[in-house]
Amino acid sequence: MDKIRTRFAPSPTGFLHVGGLRTALYNYLFAKKNNGDFILRIEDTDQNRLVEGAIENLISTLHWAGIEYDEGPNKIGAYGPYIQSQRLKIYKTHAEKLIENENAYYCFCSHERLGQIRAKQIELHLPPSYDRLCRQLSKDQVDEKLKNNEPHVIRMKIPLSGEILIEDIVRGKVSFVNKILDDQVILKSDGFPTYHLAVVVDDHLMEISHVIRGEEWLPSTPKHILLYNYFGWEIPKFAHLPLLLNADKSKLSKRQGDVAVEDYMKKGFLQESLNNFIALLGWHPSYDREIFSMEELKNEFTLERVGKSGAIFNVEKLIWLNQQHIRKLKNEKIFELLKTDFDKVRSNFSKEYILKTIELLKERVLHLTDFINNSTYFFEDPKNYSDEAVSKNWKPDSKELMKKLLIEYENLEDFSLLKIEDTLKQLSIKLNIKIGVLINPFRLLISGTNVGPSVFHIAELIGKQKVLSRMKFGLEKL
RNA sequence: GCGCCCAUCGUCUAACGGUUAGGACACAUCCCUUUCACGGAUGUAAUACGAGUUCGAUUCUCGUUGGGCGUACCA
């Protein structure tokens, strides 16, 4: 059996979309599972939609996601170049070959004429399609027009009858009758190919064995198969993936939430979490399990277990997965991931100190960014207290109690975890009150909030001086 | 309009034609606990509808309905 080769072929029109990430991921996982190659190819054949920096952005985002390609831009293999705008000659040659074999023809129709016939067809409730006027042109007529430099495109000839059968790995057999297919433009007047020509030519030349792409491509697949047949090439295996959806089941779009991988990156989601989540949107192993590392996904993934129905992108599960994956990370790794942020806002604290806060926060963090946003009390004295925290943790007798606790702590020489805890416990026994009655206001005073890790751990970490000064400050203010 | 695809708890999904239709997220209750989280237990909740095939249908067939995608010199 030939080597498995898959590709991800985005157009550089902006940022990497989570739907694109999933397509890339499935291609990557399938290739790696089968000891194959994964290729990145840039489909920049629409000159009007190019976005500057999009290619670099795509590459760096894929890199962040841990999806490494074996061949592609910046990683030249034997099948390059991997950017379609650098392969124009190849497409032209192939389009001309189709003309020679009479599988394609020059079309000189203007945009105006095309617009008119389309408008009329829509008005008459007919399927809009090219009326094949230029398909009838004689060789002489064509040569004449070509000689006069008349603007033209090349269209593929669709057989007037018959049908095309697609064997799709996820969808089974799907057939289309040729009659409803349009004579698609394959080479534009600017000399660039359209998607249809470019994919087929490149997938063949790059020896792609499996075309794994979004379901939106299913309807144009018969045209691609026709092209393979015209060229006399072997047809790759197809797998059309179900779409990712908004909450209202429409195709996932910007309007209804974040769709750029970068958005999730910025929000503090781990690469592992996003991959894990997205892998499960449309694929599931045969057993009950939700948490997977990239390595595990590589071992488990099969196209046979990809589902057919669209999946709503629901952030809640992603958040939960993120929490799970964060807890598996080493403290050092978390520090590394956040280093630039720590450098920015925590520059006067040592790595050792920050690692200790990470340890304390790790079990209760949802996003990576929480290590920074929900940890201010480790680094700064609280200046004011939220109403909610006060009403929950500060009772009428709290002030008196905290004054007593303050005295105890002032006299405590060995300010260690066990002693801090023991001192407070002893006081509660002495006063015959429940321990929580002391702990809650104490937490408020030293952290300014009513949530977080064990107060004793916080107290030990920030140290005796801070504890005392924060208590005094709070006692004055509250 | 036409073509194609799809249809199990709110969401992601599992289930050789035979299960009390399973798991996970979310939600609720309880336990653990100084708070929040974690962990544990329990609960609420689904086969879109209608026919047919079959001893038996979530599963196969047909229809209906609903949703989606496509229908470009965009990908």
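Chain identifiers are assigned alphabetically (A, B, ...) following the order of the sequence lines, protein sequences preceding nucleic acid strands; residue numbering begins at 1 within each chain. Quick note: numbers below take in every heavy atom, side chains included, and nothing from hydrogens, waters or symmetry partners. What you are looking at is a predicted structure, and each value in this text was computed from that prediction instead of being measured.
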Enquirer: Using a cut-off of 4.0 Å between protein heavy atoms and nucleotide atoms, how would you tag nucleotides 40-46 of chain B 5' to 3' with B, S and -?
Expert: -------

Enquirer: When the side chains of residues 303-310 of chain A are checked against the rest of the protein, which donor-acceptor pairs come out under 3.5 Å, sequence neighbours left out?
Expert:
unit_1   : atom_1 : unit_2   : atom_2 : d
A/Arg305 : NE     : A/His284 : O      : 2.7
A/Arg305 : NH2    : A/Pro285 : O      : 3.3

Enquirer: Just to be sure I understand the rule, does A/Arg49 reach a base, reach only the sugar-phosphate, or reach nothing, if contact means heavy atoms closer than 4.0 Å?
Expert: base

Enquirer: Find the partner of B/rC69: check Watson-Crick (N1-N3 plus N6-O4 or O6-N4) and G-U wobble (N1-O2, O6-N3) distances, both under 3.5 Å, and reply none if neither fits.
Expert: B/rG3

Enquirer: Who is the Watson-Crick or G-U wobble partner of B/rG63, with both distances under 3.5 Å?
Expert: B/rC49

Enquirer: Would you indicate what A/Gly282 reaches in the nucleic acid, counting non-hydrogen atoms under 4.0 angstrom: base, sugar-phosphate, or nothing?
Expert: sugar-phosphate

Enquirer: Mind checking A/Ser454 for me? I need base, sugar-phosphate or nothing, with any heavy atom below 4.0 Å counting as a touch.
Expert: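 Base: the residue A/Ser454, judged by heavy atoms under 4.0 Å, touches a nucleobase.
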
Enquirer: Write down the distance between CG (A/Asn246) and P (B/rC12), rounded to a whole number of angstrom.
Expert: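 Roughly 12 Å, once rounded to whole Å.
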
Enquirer: Using whole Å, what does the distance between atom P of nucleotide B/rG3 and atom NZ of A/Lys179 come to?
Expert: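 These atoms are roughly 10 Å apart.
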
Enquirer: Could you tell me how far apart A/His284 (NE2) and B/rA24 (P) are, to the nearest whole angstrom?
Expert: 11 Å

Enquirer: So, A/Asp183 and A/Lys157, do they make that salt bridge, N to O below 4.0 Å?
Expert: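 A salt bridge is absent here (no side-chain N lies under 4.0 Å from a carboxylate O).
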
Enquirer: Using a cut-off of strictly less than 4.0 Å, decide whether A/Thr13 has a side-chain nitrogen or oxygen near OP1 or OP2 of B/rC74.
Expert: no

Enquirer: Establish, yes or no, whether a centroid distance under 6.0 Å links the rings of A/Phe238 and A/Trp217.
Expert: no

Enquirer: For A/Glu290, which contact category applies under a 4.0 Å heavy-atom criterion: base, sugar-phosphate, or nothing?
Expert: base

Enquirer: To the nearest angstrom, how far is A/Asn314 atom CG from B/rU13 atom P?
Expert: 11 Å

Enquirer: Quick one: label A/Pro453 by what it contacts on the DNA or RNA (base, sugar-phosphate, nothing), any heavy atom closer than 4.0 Å.
Expert: base

Enquirer: Quick one: does A/Arg213's side chain get under 4.5 Å of A/Leu241's, heavy atoms only?
Expert: no

Enquirer: Are any of A/Gln323's side-chain N or O atoms less than 4.0 Å away from OP1 or OP2 of B/rC38?
Expert: yes

Enquirer: Can you tell me the pairing partner of B/rU29 across any strand shown, Watson-Crick or G-U wobble, with both distances under 3.5 angstrom?
Expert: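 B/rA41 - that is the nucleotide pairing with B/rU29, both distances being under 3.5 Å.
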
Enquirer: In terms of side-chain geometry, is the basic nitrogen of A/Lys430 or A/Glu408 positioned less than 4.0 Å from the acidic oxygen of its partner?
Expert: yes

Enquirer: Let me know the distance between CD of A/Glu363 and P of B/rU33, rounded to the nearest Å.
Expert: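 For the pair A/Glu363 CD and B/rU33 P, the rounded distance is 17 Å.
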
Enquirer: So what does A/Phe192 hit on the nucleic acid, given a heavy-atom distance under 4.0 Å: a base, only sugar-phosphate, or nothing?
Expert: nothing

Enquirer: Produce a footprint string for nucleotides 57-73 of chain B: one letter per nucleotide, 5' end first; B if the base is under 4.0 Å from any protein heavy atom, S if only the sugar-phosphate is, - if neither.
Expert: ----------SSSSSSB

Enquirer: Tell me which of A/Pro193 and A/Phe176 sits closer to the 5' end of RNA chain B, going by the nucleotide each one is nearest to.
Expert: A/Phe176

Enquirer: Do A/Arg364 and B/rC38 have a side chain to base donor-acceptor pair shorter than 3.5 Å?
Expert: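 Result: no qualifying N/O pair found.
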
Enquirer: Measure from CD on A/Glu316 to P on B/rC25 and round the result to the nearest Å.
Expert: 12 Å

Enquirer: For the side chain of A/Ala311, counting heavy atoms from C-beta on, which of B/rC6, B/rC74, B/rC12 is nearest?
Expert: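 Within the option list, the nearest is B/rC12.
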
Enquirer: Taking NZ, NE, NH1 and NH2 as the nitrogens, is one of them in A/Asp203 or A/Arg41 under 4.0 Å from a carboxylate oxygen of the other?
Expert: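 Looking at A/Asp203 and A/Arg41, the cut-off is met.
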
Enquirer: Is the shortest distance from a Lys or Arg side-chain nitrogen in A/Glu215 or A/Arg171 to a carboxylate oxygen in the other one below 4.0 Å?
Expert: yes

Enquirer: For A/Asn450, report the nucleic acid contact type (base, sugar-phosphate, nothing); a contact means any heavy atom under 4.0 Å.
Expert: base

Enquirer: In the strands shown, is B/rA24 matched to any nucleotide by a Watson-Crick or G-U wobble pair with both distances under 3.5 Å, and which?
Expert: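 Pairing partner, where one exists within any strand: B/rU11.
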
Enquirer: Within this structure, what is the CZ-to-C1' distance between A/Phe277 and B/rA26, rounded to whole angstrom?
Expert: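 It is 12 Å, rounded to the nearest whole Å.
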
Enquirer: Check this for me, if you would: do A/Lys179 and A/Glu163 make a salt bridge, where the nitrogen-to-carboxylate-oxygen distance has to be below 4.0 angstrom?
Expert: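 Looking at A/Lys179 and A/Glu163, the cut-off is not met.
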
Enquirer: Do the rings of A/Phe38 and A/Tyr28 sit parallel, tilted or perpendicular, given the 30° and 60° boundaries?
Expert: perpendicular

Enquirer: May I ask you to establish whether A/Arg155 and A/Tyr130 are in a cation-pi arrangement, using a distance under 6.0 Å from NZ or CZ to the six-membered ring centre and at most 45° from the ring axis?
Expert: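 Judged by the rule, A/Arg155 and A/Tyr130 form a cation-pi pair.
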
Enquirer: In the structure shown, which nucleotide is the Watson-Crick or G-U wobble counterpart of B/rC36, with both distances under 3.5 Å?
Expert: none

Enquirer: Quick one: look up who B/rU54 pairs with, Watson-Crick or G-U, both distances under 3.5 Å, and put none if it's unpaired.
Expert: none

Enquirer: With a 3.5 Å limit on both atom pairs, tell me what B/rC16 is paired to, counting Watson-Crick and G-U wobble, or say none.
Expert: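 In the structure as shown, B/rC16 has no Watson-Crick or wobble partner.
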
Enquirer: Is any NZ, NE, NH1 or NH2 atom of the basic residue among A/Lys404 and A/Glu400 found under 4.0 Å from an Asp or Glu carboxylate oxygen of the other?
Expert: no

Enquirer: Describe the nucleic acid contact of A/Arg305 in one word from base, sugar-phosphate, nothing, applying a heavy-atom distance below 4.0 Å.
Expert: sugar-phosphate

Enquirer: Here's a test of your reading of the structure: between A/Leu280 and A/Asn48, which maps to the more 5' nucleotide of RNA chain B?
Expert: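 Its nearest nucleotide lies further toward 5', so the answer is A/Leu280.
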
